[in-house]
J.: 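Input: one structure, supplied below.
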Amino acid sequence: MERTPINVFSIEADGLKLPAPLGGHPAADFVNTLAGWDEPEQGDFLRTYDHVAVWAAAWGLIDDDVCADLRKRAADHRAAAGAALEAARQ
């Protein structure tokens, strides 16, 4: 999946804004999906299940076909996708 830089801290992948790959490893970059640790209001790049699937594809953890399938399933099963999103955040 193509990643297009937006600025130093973020990219765009499949139309979604995600954090830039700055950690040197997908696990470190996943932690960086939560921004503003020291701010009164934190921002979360993982706003929807689609963001999780696209993030995984953009970092090469799943291929684009798997990403598309996950996004379709999430659209068909919104409650399960919401639970999976919350589990990913935890």
J.: Which atom pair, heavy atoms only, marks the closest approach of P19 to I11?
T.: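 In this case the closest contact between P19 and I11 is O-CG1, 3.8 Å.
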
J.: With a 4.5 Å cut-off on side-chain heavy atoms, are R3 and P21 touching?
T.: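 When only atoms from C-beta onward are counted, R3 and P21 do touch, with a gap below 4.5 Å.
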
J.: Shared ILVMFWY cluster between W59 and L16, side chains joined below 4.5 angstrom?
T.: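 Yes; L16 is reachable from W59 via cluster members.
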
J.: Tell me if a side-chain donor or acceptor on H51 pairs with a main-chain N or O of T48 at a distance below 3.5 Å.
T.: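 Yes: the side chain of H51 pairs with the backbone of T48.
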
J.: Spell out, as yes or no, whether a donor-acceptor pair under 3.5 Å connects the side chain of N32 to the backbone of L22.
T.: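 Flag not set: sc N32 to bb L22 has no pair under 3.5 Å.
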
J.: Give me the atom names and distance for the closest heavy-atom approach of S10 to F45.
T.: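 Closest approach of S10 to F45: CB-CE2, 4.1 Å.
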
J.: As an exercise, state the distance from CG of D64 to CZ of R71, rounded to the nearest 0.5 Å.
T.: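 That separation rounds to 10.0 Å.
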
J.: Please answer whether the main-chain N or O of V54 pairs with a side-chain N or O of D14 as donor and acceptor at a distance below 3.5 Å.
T.: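 Checked: no pair found.
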
J.: Can you name the closest pair of heavy atoms from D63 and V66 and give their distance?
T.: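 Between these two residues, the closest heavy atoms are OD1-N, 2.8 Å.
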
J.: Kindly work out whether a path of hydrophobic side-chain contacts (I/L/V/M/F/W/Y, heavy atoms less than 4.5 Å apart) joins I62 to W55.
T.: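 Different clusters.
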
J.: Calculate, to the nearest 0.5 Å, the distance between atoms CZ and OH belonging to R73 and Y49 respectively.
T.: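 Rounded to the nearest 0.5 Å, the CZ-OH separation comes out at 9.0 Å.
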
J.: If hydrophobic clusters are built from ILVMFWY residues whose side chains come within less than 4.5 Å, do F30 and L61 share one?
T.: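 Yes.
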
J.: To the nearest 0.5 angstrom, please state how far the CD atom of E12 sits from the OG1 atom of T4.
T.: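 Between E12 CD and T4 OG1, I get 6.0 Å after rounding to 0.5 Å.
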
J.: Which heavy atom in A58 sits nearest to a heavy atom in A13, and how many Å separate them?
T.: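 Between these two residues, the closest heavy atoms are CB-CB, 4.0 Å.
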
J.: Tell me which donor-acceptor pairs under 3.5 Å the side chains of residues 83-90 have, and how far apart each pair is, sequence neighbours excluded?
T.:
from: E86; atom 1: OE2; to: Q90; atom 2: NE2; distance (Å): 2.6
from: R89; atom 1: NE; to: D44; atom 2: OD2; distance (Å): 3.1
from: R89; atom 1: NE; to: L46; atom 2: O; distance (Å): 3.3
from: R89; atom 1: NH2; to: L46; atom 2: O; distance (Å): 2.6

